[in-house]
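Input: a single structure, listed below in C-alpha cells.
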Amino acid sequence: MTGADGAGRDRTARRPAPSGPAEPRASGQGASGQGSSGQGAAELRVDLSSAVPVYEQIRSQVAALVAVGALAPGDRLPASRDLARDLAIAVGTVQRAYRELEAGGVVVSRRRVGTVIAAPPRGAAREGSPAPAGGADLLGRTRELVRAARAAGLSDEAVLDMVRGALRTGGG
Amino acid sequence: MAVGFGLFVILGLVVVPVLVTLLVVVLVRRFGGDGEASWAAPRAAVRARRHELLIASASAVASLVCAGVVLGLPAPGAGGNPPVPTVPGFAQAVGPFAAAVVLCVVRAVGELTWPRPSGAVRTAPLVRRTVWSLGGARLRWLLVTALALVLALILFGLVAGEGGRQFDHPPVTWPDGSLSTSSRGPFPGWPYGVPLLGGLVVSLLVTVATLRLVTRRSPLAGVPARHDAAVRRTSAARLLGGVQLFVGGTLGATLWIAGAAIRPGSGILGGGAEVAWLSGAGAALMVLGAAIGVVSGIAGLLAALPRHPAGAPEPRSRLAEGVQA
C-alpha cells in the first residue's frame, strides 16, 4: 500500500483522523485531484465549531496535502465559489484561504485557469513543501512516525502536540 | 362525458405515471444490482442512490407522459384543432424536444431536493468539477448527434421542393418523348426544419443548465467521496442518456422520413439513371436513420444503470444471481 515514487511523493491514502476538526484527507491511490470521478481526490474537512478559523483550517489542510504530495504542482483547486458552496460557507472565507496560500507560495491564481498548485521554487523551501535535500527521506520518516504513533494509540492531536513541542525545543 | 374526461385525466396523467414510477423503482432496486449488499456501500450512500433513482424515474415518466400527450394531439385532416394547421405533424415533430425539456425540468427540480450540507463538520473534495468533465463521452456524443441533426435539417431544407414539405424528383424523359414528374412527402424541409432547430437549441440549453445543477450539487453529508461521485455520475449519465434518446430518435426519424420521400415512386422507377441513384440514397438514409434511432435508444436505456464508485467490485444483480442459480 505504501511506496514512494522517484519524485519523493508518497501517494498512499491517509487514514482519516478519529477526532478533531481539521484533518485533510487524500483518498484512494494517488491524488491527481482532478476530474469528477472522485477517485484519488484530496478532501477537505472543516469543523465550524472549532476555535481555529475556517479559512485557516482550509489553508493548513491544503498546505499539508501539498507537503505530502497529495496535491502536485499544476493541480487545479476548485473555484472559491464552488468550494464555498460545497462546504456551505461564505465565499470570502475560501477566498481568504486562497489568498493566504498564494502569499505563502503554495498556489498561484491565474485568469481563466483559476487557482493551481504552484511549482516549488528551485533550491528554496516554501510553505507546505519539504526541503529539496532529503525530502523523500523526511517524508518517509514522517509517515513512520504517524504509523508508530497510531499503533501506540495516540490521537492525531497528541502527535501534533509532540511535533510542536519538538519544534519549540529545537528538536533536541 | 365531462366525468369520463376527468377520470381519463386523473388516471392517465397522475395515477398511472405514479404507479409506473414506483414499479420502475422497485424493479431496478430488485434486479438492477442497486441494493445495499451488492455495493457494500454505507447506508447514507444507499439512501442517496435511492433518492437519485426516484428523481430519475420521475423525470423519465414525466417525459414519456409529455411525449404521449404530444403524439396524441390531433393532426390536420383527423378532426379537431391541430396546433399548426398548415404544417401536418408539427406537434409530433417537435414533441421529442418537448419531452426532453420536461425530462430536464423535472430532473432540475429533483436536484433541488438534495439535502444541503449541515452540521459542524463538513467535507468537500478538492476536485474541480465542470459540466464538460462530468458529461464526458455522453455529452460529446450528444453534441455530435445534435450537430448531425442540424446539418441534416439544413441540407433537407435546401433540397426540399416547393412549400418545403415534399421532395421533387428529377423529371424523367421516357423513350416516347413524354415527361414525368413526381414528388413525395412528407419531407423535412424548412416548415419542419426551423421549429426542429429551435426545439433542439432549447433542449440543449436546458440540458446544459440541468447538468450544471448536477455538477454544482454539494457533496452529500455522510456519504464517502467516491460514492458521492458515483451518484453524481449516475445523475449525469441518466440525464444525458434520456436527452440522447430524444435527440437521436429525432435524427433517426428525420433521416427515415427524408429517405422515404427521396426514394422515387413506382411510376418513375424505371426512368433511368436520373432517378436510379435516388432509390439507393433514399434507402441508405432510411437504414441510417433506423440505426441511429436504435443506437440512441440503447444508449438511453444503458444510461439508466447506476455507476460504480471508483474501485468498487462489480455489483451482482439478483437477476444475474437467478440466472446462475
Side-chain angles (χ1 to χ4, degrees), chain A residues 13 16-17 19-50 54 57-58 61-62 64-66 70-71 75-89 94 97-98 101 107 113-117, chain B residues 39 41-42 45 48-49 111-112 114-139 211-237 239-240 306-312:
Chain A
S19 63
E23 288 300 326
R25 274 187 283 179
S27 56
Q29 293 183 355
S32 64
Q34 305 308 309
S36 57
S37 67
Q39 183 176 13
E43 195 174 66
L44 280 182
R45 183 185 174 96
V46 298
D47 184 353
L48 302 187
S49 63
S50 169
V54 174
Q57 294 181 48
I58 296 173
Q61 288 179 52
V62 172
L65 289 169
V66 172
L71 289 174
D75 285 350
R76 295 173 66 182
L77 297 181
S80 52
R81 279 193 312 274
D82 295 340
L83 186 57
R85 189 185 312 111
D86 283 354
L87 294 171
I89 58 177
V94 179
Y98 282 6
L101 285 166
V107 303
V113 174
T115 305
V116 299
I117 303 300
Chain B
W39 291 106
R49 282 207 311 279
E111 287 296 319
L112 299 176
W114 289 103
R116 293 271 299 149
S118 60
V121 179
R122 299 175 186 180
T123 60
L126 277 175
V127 169
R128 196 176 188 92
R129 300 191 301 269
T130 62
V131 167
W132 194 251
S133 65
L134 187 63
R138 285 194 183 276
L139 180 58
L211 189 59
R212 195 154 176 256
L213 278 180
V214 176
T215 304
R216 294 172 62 172
R217 173 178 61 75
S218 302
L220 301 170
V223 178
R226 62 196 191 108
H227 288 273
D228 179 78
V231 172
R232 200 184 301 273
R233 287 200 312 277
T234 301
S235 301
L239 168 68
L240 291 172
R307 296 315 181 255
H308 315 160

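Residue numbering restarts at 1 for every chain, and letters A, B, ... go by the order of the sequence lines.
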Next on the checklist: If I take atom CZ from residue B/Arg216 and atom CZ from residue A/Arg81, how far apart are they, to the nearest 0.5 angstrom?
Outcome noted: 7.5 Å
Next on the checklist: I need the B/Thr130 OG1 to A/Arg76 CZ distance, nearest 0.5 Å.
Outcome noted: 8.0 Å
Checklist entry - In this structure, which one of A/Leu77, A/Ile58, A/Asp75 forms a side chain to side chain contact (heavy atoms under 4.5 Å, CB included) with B/Leu126? => result A/Leu77
Item to check | Heavy-atom closest pair, residues A/Arg85 and B/Pro117 | outcome: O-CG, 4.3 Å
Of all of [options], which one pairs up most often with chain A through heavy atoms under 4.5 Å apart?
options                                : value
B/Gly136, B/Ser118, B/Pro219           : B/Pro219
B/Arg116, B/Arg217, B/Arg122           : B/Arg122
B/Pro224, B/Ala120, B/Ala221, B/Ser218 : B/Ala120

Checklist entry - For chain B, which of A/Asp82, A/Ile89, A/Asp86 has the most heavy-atom pairs under 4.5 Å? => result A/Asp86
